[in-house]
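For reference, the structure is listed below as structure tokens.
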Amino acid sequence: MFKKILIANRGEIAVRVIRACKEMGIGTVAVYSEADKESMHVRLADESVCIGRADVAHTYLNVSEIIIAAKSTGADAIHPGYGLLSENHSFAETVDSFGIVFIGPSPETIRKMGDKVAAIQTAIHAGVPVIPGSHVPVRSDEEALIVAEKTGFPLLIKAASGGGGKGMRIVDSHASLDECIHAARNEARSFFGNDVIYIEKFISSGRHVEIQVLADSFGNVAILGERDCSIQRRYQKLVEESPSPALNENIRRKMFSCAKKLTKAVKYCGAGTIEFLLTPENEFYFMEMNTRIQVEHPVTEMMTGIDIVKHQISIAAGEQLNLPQKDIRFSGHAIECRINAEDPFHSFFPSPGKIKHLYVPGGPGVRVDTHIYAGYHIPSHYDSLIAKLIVHDETRDRAIQRMIRALDEFRIDGVKTTIPLHIDIMKNDAFQQGKYTTKFMVEYFNQRPNKKE
């Protein structure tokens, strides 16, 4: 087992990894920017290294500084968390080249599944259904027109290296096809340095369902259930729950089987998530694979009692995954609300600043993952996620009521947060009935003209 792990991240996920390490008896190293010097992850780690001033490019994305911090402190492994460098195959290669273990899958797996076209081809070869479309890069306007006529409108243009809604355009007709392709290419080039795009059929009212997997280097794969992540704003998830109210047991078994086949096909090693799009007709298609820990992993931990981060670390240390599928139990219902420092009723405008007062909810079945505290100043330089509130109860209805109670208790004074929006969502009829799709947030704001996004 590792003696010391450097966490190449910040915020709540850095705190989460540090806690897992401490419980495993592993030393921890935090890296931080000057803007994060008072952050909780710096306080909790055994050692900390400042790697720059404030901007992300020169700190948390600065591979050289992170490697220097790891070597100077004697860390024998690096945990990348999520976001930032977590799915950067070049970073994983660099870590390996310095004799440090990257806690995640191999650089080759990250590269293959990070390229959405390559991931689609891998899924096809594994016998996993994929969304109708080009399935290969579209190199010219002429190729795009051929795909459009074959697939039918509406279409979704996507960047092969994309994420977070960048490099994506919905096309309703031939008239806007060329313009949308060029716009998607330019945005993809700007954000990812890669302007390769492909085309899919646009499914406007589907469900976003993802399967959590764990796999080791010995070929063992464990399926830890699904999470429904359909409530999103501009492709950013707001609420996640498990089990999905949209799945019956037949579809669930088929999704689990496809997830296992794809995990084995890429010889995956570590914690990963396979994302599917479920149509109103109960057909499902592979979307992508996330080769890292997910923001919403606590939902699965609450459902199964399995510590995903500890298993990540053990697998990276070369240990065998001892989780027979027959022994994995799914209990009750779990829901997560992502709490962001934003004003949800004024275009989700960021709300950095000092937290004057903080009261964190508790009680049975309530978990809060956060890095904030009273007196903490939320910096303006980074993602606005400041906490994750997760609840668990015996039934979905009871979990919703528990979430409403916990949200009502949650007090963060000094900044605007998304807590009022989450209370609205929990009380919404469509959500309570489990009859929502990825269009939920658009419909929500359309019904509240005085609270337009």
Side-chain angles (χ1 to χ4, degrees), residues 1-52 59-88 91-107 214 216-217 269-271 291-295 297-298 301 306-322 367-373 376 382 388:
M1 183 49 68
F2 304 119
K3 293 181 179 179
K4 188 182 294 185
I5 293 175
L6 180 142
I7 299 90
N9 216 299
R10 62 175 302 279
E12 66 85 17
I13 189 59
V15 171
R16 170 71 183 89
V17 176
I18 288 169
R19 286 172 172 162
C21 290
K22 285 181 178 290
E23 292 180 11
M24 297 175 77
I26 301 170
T28 54
V29 181
V31 292
Y32 67 96
S33 69
E34 289 182 11
D36 265 342
K37 62 183 177 181
E38 299 299 327
S39 188
M40 184 63 73
H41 79 287
V42 179
R43 297 185 176 195
L44 293 181
D46 298 311
E47 302 173 62
S48 59
V49 179
C50 182
I51 54 173
T59 52
Y60 299 107
L61 293 178
N62 191 327
V63 174
S64 297
E65 288 294 334
I66 291 170
I67 295 296
I68 290 170
K71 296 298 287 184
S72 66
T73 56
D76 46 359
I78 291 178
H79 195 300
Y82 55 69
L84 298 174
L85 292 168
S86 63
E87 293 180 287
N88 186 313
F91 175 61
E93 288 173 348
T94 301
V95 171
D96 289 348
S97 71
F98 278 89
I100 304 169
V101 175
F102 178 81
I103 299 178
S106 70
L214 280 172
D216 64 17
S217 58
C269 187
T291 55
R292 54 171 166 77
I293 195 79
Q294 290 278 83
V295 175
H297 76 274
E301 293 183 331
I306 294 169
D307 190 314
I308 297 173
V309 176
K310 286 184 180 178
H311 278 289
Q312 256 194 312
I313 294 168
S314 296
I315 289 168
E319 296 186 2
Q320 191 163 343
L321 181 64
N322 187 24
R367 168 177 168 177
V368 178
D369 283 18
T370 187
H371 61 288
I372 63 172
Y373 53 88
Y376 174 68
Y382 313 116
K388 301 182 310 198

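Computed from a prediction, not measured in an experiment: that's the story for all the values here.
Closest approach of Ile5 to Cys21, counting heavy atoms only: CD1-SG, 3.8 Å. Between Gln294 and Tyr82, the shortest heavy-atom contact is C-CD2, 4.3 Å. Smallest separation of non-hydrogen atoms from Thr28 and Ala45: OG1-CA, 3.4 Å. Taking both residues in full, the closest heavy atoms of Gly81 and Ser86 are given as O-CB, 3.3 Å, listed atom of the first, atom of the second, then distance. Annotation for Tyr373 and Arg43: closest pair OH-NH2, 3.0 Å, computed over non-hydrogen atoms. The nearest pair of heavy atoms linking Ile18 to Ile7 is CG1-CD1, 3.7 Å.
Heavy atoms of other residues, nucleotides or ligands lying less than 6.0 angstrom from CG of Asn322 number 12 at most. Heavy-atom neighbours of Lys22 NZ from other residues, nucleotides or ligands within 6.0 Å: above the threshold of 12.
Side chain of Lys388 to backbone of Pro298: no donor-acceptor contact under 3.5 angstrom is found. Within the 3.5 Å criterion, the main-chain N or O of Ile308 finds a donor-acceptor partner in the side chain of Glu301. Using a distance-only test at 3.5 Å, with no hydrogens or angles considered, no donor-acceptor pair links the side chain of His79 to the main chain of Gly104. In this structure, the side chain of Ser97 engages the main chain of Thr94 through a donor-acceptor pair within 3.5 Å. Proximity of a side-chain donor or acceptor of Asp369 to a complementary backbone N or O of Ile13 within less than 3.5 Å is not detected.
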Practice item. Evaluate side-chain contact (heavy atoms from CB on, under 4.5 Å) for Val17 paired with Asn9, printing each intermediate quantity in order. Key: CA-CA 10 Å; Val17 176; Asn9 216 299; over 6 Å; no

Point to revise | side-chain contact (heavy atoms from CB on, under 4.5 Å) assessment of Asn88 paired with Val63 | key: CA-CA 10 Å; Asn88 186 313; Val63 174; 5.8 Å; no

Point to revise | Full working for side-chain contact (heavy atoms from CB on, under 4.5 Å) between Val309 and His297 | key: CA-CA 9 Å; Val309 176; His297 76 274; 4.0 Å; yes

Practice item. Using the side-chain contact (heavy atoms from CB on, under 4.5 Å) rule, take Asp76 and Val101 through it: C-alpha gap first, then chi angles, then the decisive distance, then the call. Key: CA-CA 6 Å; Asp76 46 359; Val101 175; over 6 Å; no

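In this structure, the separation between OG on Ser314 and CD on Gln312 is 10.0 Å, given to the nearest 0.5 Å. For the atom pair CD1 (Ile66) and CG (Leu85), the distance works out to 5.0 Å, reported to the nearest 0.5 Å.
Annotation: side chain of Val31 is not in contact with side chain of Glu65 (no heavy-atom distance under 4.5 Å). Side-chain contact between Lys71 and Ile100 is present, with at least one heavy-atom pair separated by less than 4.5 Å. At a threshold of 4.5 Å between non-hydrogen side-chain atoms, the residues His371 and Tyr376 count as touching. Side chains of Met1 and Ile313 form a contact here, defined as non-hydrogen atoms less than 4.5 Å apart.
Between Phe102 and Phe91, the ring planes lie perpendicular to each other; the angle is over 60°, past the 30° to 60° tilted range.
Of the candidates Thr59, Asn62, Asp36, Thr59 is the only one forming a side-chain contact (heavy atoms from CB on, under 4.5 Å) with Ile51.
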